[in-house]
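What follows is one structure encoded as structure tokens, with my remarks underneath.
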Amino acid sequence: MGHTATPQDTAGGLTATEHRLPNGLRVVLSEDHLTPVAAVCLWYDVGSRHEVAGRTGLAHLFEHLMFQGSQQVTGNGHFELIQAAGGSLNGTTSFERTNYFETMPAHQLELALWLEADRMGTLLAALDEESMENQRDVVKNERRQRYDNVPYGTAFEKLTAMVFPEDHPYHHTPIGSMADLDAASLDDAREFFRTYYAPNNAVLAVVGDIDPEQTLAWVEKYFGSIPSHDGKRPPRDGTLPEVIGGELRELLEEDVPSRALMAAYRLPHDGSREADAADLALTVLGGGESSRLHNRLVRHDRTAVSAGFGMLRLAGAPSMGWLDVKTSGEARVEEIEAAVDEELARFAQEGPTAEELERAQAQLEREWLDRLATVGGRADELCRYAVLFGDPQLALTAVRRILEITADEVRAVAAARLRPDNRAVLVYEPTGSQEDETEAENDTEGADHQ
């Protein structure tokens, strides 16, 4: 086989073994015979942080191109073959990786492995101007539908650009700009594939009702002959000061349903104990209807219809804490922001209660176990820890690390990071026409603001 295996590690009855092919492909297997299904997940170590100025969005565009056919599979054949076999599939792009995944009836596992290997090894044989133009239009339309033409659609893009300064590898989001999507050429796409879509830049996880020996034999058969590539450029350094150093703020007057306060905070890098503590802090503050901000703004003050605080974990740069509050009725953002700052200051001083910490830990534990409970979710997490942290076994012990965090650690990270001088703020004000329409509706319907 030409591979080496690491010792098994067990957490909650789950196990995983790692193997490496001579061409550098890392293979992670997790056997689970509970249901007759198998998941294939392939992570390539490439995302928007690897892109250069003038070619943003290329990683996401290429994700789409990977479904446009390869040497043995033409057109939309990848989708057609998987779905005809009773499987499901998709792909996604982020700042730090691009992934492709299938969940199949166990007896169709070989088909999924062959399809992934065929496009890894032969996509350039099918990549042409027609498929390039087709998917360029698809991605541009996706940008319009998800970002440009929906209320608050560009908020994430704007806050990301504020938190991560110009020329930082995380300054732009994976969707890319319209201008850069137009500028991308077929030669750009071909070079991108040669550089990043090589076996030594990928991790393949297979989870479910599998025979490990047979699965490895198929992996060797289909992936083993694909040559490695050594031309990859490492991503630019994403290091930044822990604190922005001053509040950044932008007022937006747009056609949105209501006023909104959104903010992003720099948080610790993923993979650290401090990141787990930050996740717990945001869960106590804004993770659901039992959270402090929901109780304060929605239930008590009745100035908001929703209030959430979540975390975008990033490994190569500071993570982001994402605050999102939509106002109720005629409530002003200023009073909401004052209440938010009051709650954050109190939390930084006192930290979570024992009950709040236990509830937050249980919430994150449930979310984590939900991901590990499905073969597709487990395959994705094994790939994530292998690509970003070098060890897929860490996926099986993540819950334990969350449960070890203390209340003082949660308080300390909140005091250090959830500060006015460490945030970018967007304030949305509806345009005049929107406010006029709302007032007219209130006059005719007698709506009360709660």
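Just the heavy atoms: all of them, side chains too, but no hydrogens, waters or symmetry mates, feed the values below.
- For R423 (side chain) and A264 (main-chain N/O), no donor-acceptor pair under 3.5 Å exists by modelled atom type.
- Separation of the F156 and W322 ring centroids falls under the 6.0 Å cut-off.
- There is a side-chain donor-acceptor pair under 3.5 Å between D128 and S131.
- Remark: side-chain polar atoms of E409 are paired, donor with acceptor, to backbone N or O of T406 under 3.5 angstrom.
- Figure legend: K326 and Y152 shown as a cation-pi pair, the cationic atom lying under 6.0 angstrom from the six-membered ring centre and within 45 degrees of its axis.
- For CD of Q83, the number of neighbouring non-hydrogen atoms (other residues, nucleotides, ligands) closer than 6.0 Å is greater than 12.
- For the 3.5 Å distance criterion, the side chains of N99 and D380 qualify, holding a donor opposite an acceptor.
- Within the 3.5 Å criterion, the main-chain N or O of G288 finds no donor-acceptor partner in the side chain of H294.
- E274 CD to S319 OG: the interatomic distance, rounded to the nearest 0.5 Å, is 11.0 Å.
- Counting non-hydrogen atoms of neighbouring residues, nucleotides and ligands closer than 6.0 angstrom, the CD atom of E404 exceeds 12 such neighbours.
- Side-chain rings of Y265 and F309 approach one another, their centers coming within less than 6.0 Å.
- Partner of R49 under the side-chain contact (heavy atoms from CB on, under 4.5 Å) criterion, out of S94, P174, P235: P235 alone.
- A189 and F62 get closest at one heavy-atom pair: O-CE1, 3.1 Å.
- The pair D32-R378 counts as a salt bridge, with a side-chain nitrogen and a carboxylate oxygen less than 4.0 angstrom apart.
- Evaluation of the ring-ring contact (aromatic ring centres under 6.0 Å, His included) rule for Y196 yields H50, F192 as partners, not counting sequence neighbours.
- I82 is not listed as a side-chain neighbour of Q108, based on a closest heavy-atom distance of 4.5 Å or more.
- Cation-pi geometry between R119 and Y197 is not met: the NZ or CZ atom fails to fall both under 6.0 Å from the ring centre and inside 45° of the normal.
- Applying the side-chain contact (heavy atoms from CB on, under 4.5 Å) test between V219 and each of L204, L29, V40 identifies L204 as the sole match.
- There is no side-chain donor-acceptor pair under 3.5 Å between Y100 and E63.
- Taking the ring axis of Y147 as reference, the NZ or CZ atom of R143 stays within 45° of it and closer than 6.0 Å to the ring centre.
- A donor-acceptor pair is defined here as one N or O able to donate and one able to accept, closer than 3.5 Å; no such pair exists between the side chain of E18 and the backbone of R26.
- The backbone N or O of G316 lies less than 3.5 Å from a partner atom in the side chain of E96, making a donor-acceptor pair.
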